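Within every chain, numbering begins at 1; the chains are lettered A, B, ... in the order of the sequence lines, protein sequences first and strands thereafter. Just so it is clear, the structure is predicted and the values come from calculations on it, not from any experiment.
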Amino acid sequence: SQTIHQWPATLVQPVGSPLSLECTVEGTSNPNLYWYRQAAGRGLQLLFYSVGIGQISSEVPQNLSASRPQDRQFILSSKKLLLSDSGFYLCAWSPGTQNQPQHFGDGTRLSIL
Amino acid sequence: SQQGEEDPQALSIQEGENATMNCSYKTSINNLQWYRQNSGRGLVHLILIRSNEREKHSGRLRVTLDTSKKSSSLLITASRAADTASYFCASPLSGNTPLVFGKGTRLSVIA
């Protein structure tokens with residue numbers, strides 16, 4: 001069966017520090033991968049998605065970036081965090097075909113001080 | 001951009017009652033999905049209903065889809081305290097594009 005791992009679960013970072021959140025998927029090949037951010041009590045905002053290694057689509061211009069160095073690895077990064085980057089970050093995967101559900105990791109709670 | 005919008009934003013019911021949540025969307029879809037999120041956790045997929053389907057069941061969950069009204073509903077029958085969570089609808093804007101989620105309905109089931 002497929003599993004998705006996302007870490008760390010919580011992270012407290014100072015403003016201006018770098019960020020690296022990692023997400024890996026097991027048990028499937030060539031998945032679509034997604035990074036979302038969720039503000040407190042709000043819906044999900046799609047940040048990046050990828051349909052293959054090295055293929056990244058950015059939905060929202062900001063100081064975050066994403067990379068997919070391996071088929072089942074998706075990394076969210078920032079060189080300098082802003083206060084507004086605080087939130088709940090969720091990684092998800094889906095099979096690369098239409099009409100398929102997405103499967104989410106447990107999320108990372110990021111607090112910027 | 002926002003595709004789906006859930007209604008109501010919050011719902012509080014007694015255990016054993018039925019809970020109905022609605023979702024309206026803007027563009028034509030090929031499927032609509034419902035997800036559940038417990039506080040501080042990731043989303044869990046509940047049901048996917050395709051545009052050519054009108055109703056789908058899974059255990060105590062029933063989802064309907066009315067493409068003419070661009071709306072869907074999620075019914076949870078005989079609710080339990082463990083059903084307390086936020087529920088989201090989502091659909092792709094087109095084809096195999098990523099899902100766009102609504103803001104969710106916060107359901108509280110009181111024992």
Task: Proximity of A:Phe104 and A:Tyr36 rings by center, below 6.0 Å - done: yes
Open item on the list: For B:Tyr35 together with B:Phe101, are the ring centres under 6.0 Å from each other?
Closed with: yes
Task: Options A:His103, A:Arg109, A:Gln100, ranked by heavy-atom pairs under 4.5 Å with chain B, top entry - done: A:Gln100
- [ ] Name the region of A:Thr97, side chain, backbone, both or neither, that has any atom closer than 4.5 Å to a heavy atom of chain B.
- [x] backbone
Open item on the list: Starting from A:Ile75, can I reach A:Leu19 by hopping between I/L/V/M/F/W/Y residues whose side chains sit under 4.5 Å apart?
Closed with: no
Task: Residue part contacting chain A, namely of B:Gln9, when any heavy atom lies under 4.5 Å - done: neither
Task: Per-residue contacts, residues 49-80 of chain B versus chain A, heavy atoms under 4.5 Å - done: B:Arg50
- [ ] Quickly, which of A:Leu47, A:Leu110, A:Leu44 forms a side chain to side chain contact (heavy atoms under 4.5 Å, CB included) with A:Arg37? Name it, please.
- [x] A:Leu47
Open item on the list: Can you tell me which portion of B:Leu48 sits under 4.5 Å from chain A's heavy atoms? Options are side chain, backbone, both or neither.
Closed with: side chain
Open item on the list: For A:Gln38, which atoms come within 4.5 Å of any heavy atom of chain B: side chain, backbone, both, or neither?
Closed with: side chain
Task: Exceeds 12 heavy-atom contacts within 6.0 angstrom, atom CZ of A:Arg68 - done: yes
Open item on the list: If you count heavy-atom pairs within less than 4.5 Å of chain B, which of A:Gly105, A:Cys91, A:Gly107, A:Pro101 leads?
Closed with: A:Pro101
